[in-house]
Amino acid sequence: MRCLNPPVKLVPLGDWDCPDCLLPPPSDMPSIVQKPVAVPEEGNLVSKIHAIQADSTLTDGEKAKRRQELMSKGLVTNYSAEASSANGDKKSADGNKRNATLEMMDNSLNCIFCLQLAERPVTTPCGHNFCLKCFQRWVGQGKKTCGKCRAAIPAKMATNPRINSALVMAIRMARSVVNSNSGPSKVYTYRDNDSRPDKCFTTSRAVKTGKANACSGKIFVTIAPDHFGPITAEYDPTRGQGVLVGECWEDRMECRQWGAHLPHVAGIAGQSDYGSQSVALSGGYEDDEDHGEWFLYTGSGGRDLSGNKRTNKEQSFDQKFDKMNEALRVSCKHGYPIRVVRSHKEKRSAYAPDAGVRYDGVYRIEMCWRKKGVQGHKVCRYLLVRCDNEPAPWTSDEHGDRPRPLPVVKELKSATDVFERKSSPAWAYTEGVGWGWSREPPASRKTSGGGPSEATQKRKQLSVQQRLLKEFGCNACRKVLDQPISVPCGHNFCKSCLDSVFSSQDSRERKGVSGRTLRTQKVVKRCPNCKIDISEFLVSPQIMNQQKLKRKQPNWKSPCL
DNA sequence: GGGCCCGCAGGG
DNA sequence: CCCTGCGGGCCC
């Protein structure tokens, strides 16, 4: 429900927040149910509109007139308890070839309670749809069954409802069919990344799962790694469309390949002296608080990573505004756009996708501060508010964000180190134009992901003679090989050179400043040339005879050349 | 489902 | 070069 710009949708429950201004509607807002208009059994609104569109005897003008007539009777569909296919019930399995969207449009798109097109729709296993707010209110009253058919609502769903994004799309399409003369005005694509790079397996484990492929594999977009803002079509040579809001990937590795969020473990991408380009909401920090159009994000750090851990749920010291946390503060200071991806691993948010990782558009950090986190140690906090020209994946709006006043954040009362932007933001809204750069975006300090790498360019400059010397000499002493040893990565060394390199190496135990044990370093013996671990090979290295060496050479493609 | 492990990318 | 990280597979 919007509390601005009448006509206002009237709903029975007075606790909606306006998605534009993020505030509850005024207390004097009338609380009346808009009376639904009865719909004949034979067909619902959307299928009727389809029939009109398909009628070849009508001109475009006549079609538009018919649609208007239908619309004037009321935007109420036939909600006669037909299960939607959104939960993958039997209907879609037993050979029904219609796609999910069409099927859902034939069923009810309306909320069971407020009888309007569901806003942020949630679908129960019995197939009935609710607005998120209506659902939360219903469950909050202690109800454990569907308000329509009394089927049980699973406990998990009651505590963690998820927005049905397929239904959002159906509603959006239904609206655009109704509102325009030429069918849907916009095509929203969800795609699976079916194309995988064909190289870069590194470990046997990775070969098995194919994950290292994505990890070190090709980045499909040509943005520089420190590129700010949306990834537009000009950076997408493979598809020519850019990264669209709502695009989904299987996991963080695949998300990385499309540039939306590059780090594959860390939640924050950025540089402390430059700014942060993107963040991931993936449930790693329990202080996070997601409201869709805005959310409260927690900084990184403050955790004990001893014992070779990559993450740790427990916080054992305070976070500071340094490293990635400082990068976020820099983006706040300048008002840079920050790409946001949500992961299915964020279990407590209704706005997270059911599976995989989804790009949700750009947000701006309006302010940041520190507060005591739920685990008792101080955490850095950031208020991010959406500012994208595309509508969010959970709303059936056809337009993107408008500037909105900041939400009321209760925890600010007890916050310290509060930081707010003082100058005008670099990413700003212009009436009639939308969101965009109000000044030059920060110049990239890195090369774009598309062009040839520095290594490739360097390779071209090497003469044939230099390349031969590099390939057939000892890679340590640069002389002709004496007692040649060819390590698994293909580099050649004199036996004596290799021995002397590793004679000084030993395993190391390290201590951190606070006395805690840091991650024990793996005892790695790396090829002096390309740093590949050759410790296993070194257990019993074999000296190559010249024949073997010659046979081996053609297969060797040095990564250093 | 929870704990463990560890390759990898990228910051500093 | 070392440190850090909201992954993801595997084992139990």
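Fair warning: this is a prediction, and the values are worked out from it, not measured in the lab. Each chain gets a letter, A, B and so on, in the order its sequence line appears, and its residues count up from 1.
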*For A:Asp322 and for A:Val265, find the nucleotide of DNA chain B with the closest heavy atom, then tell me which residue's nucleotide is more 5'.*
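Checking each residue's closest nucleotide, the 5'-ward one belongs to A:Val265.
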*Of A:Gln271 and A:Lys313, whose nearest nucleotide on DNA chain B comes first from the 5' end?*
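That would be A:Lys313.
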*Assign the ring pair A:His334 / A:Tyr336 to parallel, tilted or perpendicular, where the plane angle (0 to 90°) is split at 30° and 60°.*
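A:His334 and A:Tyr336: parallel rings.
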*Just say parallel, tilted or perpendicular for the rings of A:Tyr351 and A:Trp394, cut-offs at 30° and 60°.*
perpendicular
*Please tell me which of the listed nucleotides, B:dG12, B:dG10, C:dG7, lies nearest to the side chain of A:Ser282?*
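Of the candidates, C:dG7 comes closest.
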*Which nucleotide, B:dG11, C:dG8, C:dC6, lies nearest any side-chain atom of A:Thr311?*
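From the listed options, C:dC6 comes nearest.
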Check this one for me: any side-chain N or O of [X] less than 4.0 Å away from OP1 or OP2 of [N]?
{"X": "A:Arg256", "N": "B:dG10", "value": "yes"}
{"X": "A:Lys345", "N": "C:dG7", "value": "yes"}
{"X": "A:Ser272", "N": "B:dG12", "value": "yes"}

*asked:* Ignoring hydrogens and geometry beyond distance, is the side chain of A:Asn308 in donor-acceptor contact with the base of B:dC4 at under 3.5 Å?
replied: no
Could you give the [atom1]-to-[atom2] distance, from [X] to [N], as a whole number of Å?
{"X": "A:Arg445", "N": "B:dG12", "atom1": "CZ", "atom2": "C1'", "answer": "11 Å"}
{"X": "A:His261", "N": "C:dG7", "atom1": "NE2", "atom2": "P", "answer": "8 Å"}
{"X": "A:Lys347", "N": "B:dG2", "atom1": "NZ", "atom2": "C1'", "answer": "14 Å"}
{"X": "A:Tyr285", "N": "C:dG5", "atom1": "OH", "atom2": "C1'", "answer": "8 Å"}
{"X": "A:His264", "N": "B:dG10", "atom1": "NE2", "atom2": "C1'", "answer": "10 Å"}
{"X": "A:Leu281", "N": "C:dG7", "atom1": "CG", "atom2": "P", "answer": "11 Å"}
{"X": "A:His344", "N": "C:dC6", "atom1": "NE2", "atom2": "C1'", "answer": "11 Å"}
{"X": "A:Glu254", "N": "B:dA9", "atom1": "CD", "atom2": "C1'", "answer": "18 Å"}

*Any donor and acceptor pair, going by atom type alone, linking the side chain of A:Arg358 with main-chain N or O of A:Cys248 inside 3.5 Å?*
no
*Counting any heavy atom closer than 4.0 Å, what does A:Tyr297 reach on the DNA or RNA strands: base, sugar-phosphate only, or nothing?*
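Here A:Tyr297 touches the bases of the nucleic acid.
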*Under 3.5 Å, is there a donor-acceptor pair linking the side chains of A:Asp290 and A:Ser349?*
yes
*Any strand is fair game: report the nucleotide pairing with B:dC6 by Watson-Crick or G-U wobble, both distances under 3.5 Å, or none.*
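WC or wobble partner is C:dG7.
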*asked:* Between the side chains of A:Glu346 and A:Arg348, is the shortest nitrogen-to-carboxylate-oxygen separation below 4.0 Å, so that they form an ion pair?
replied: yes
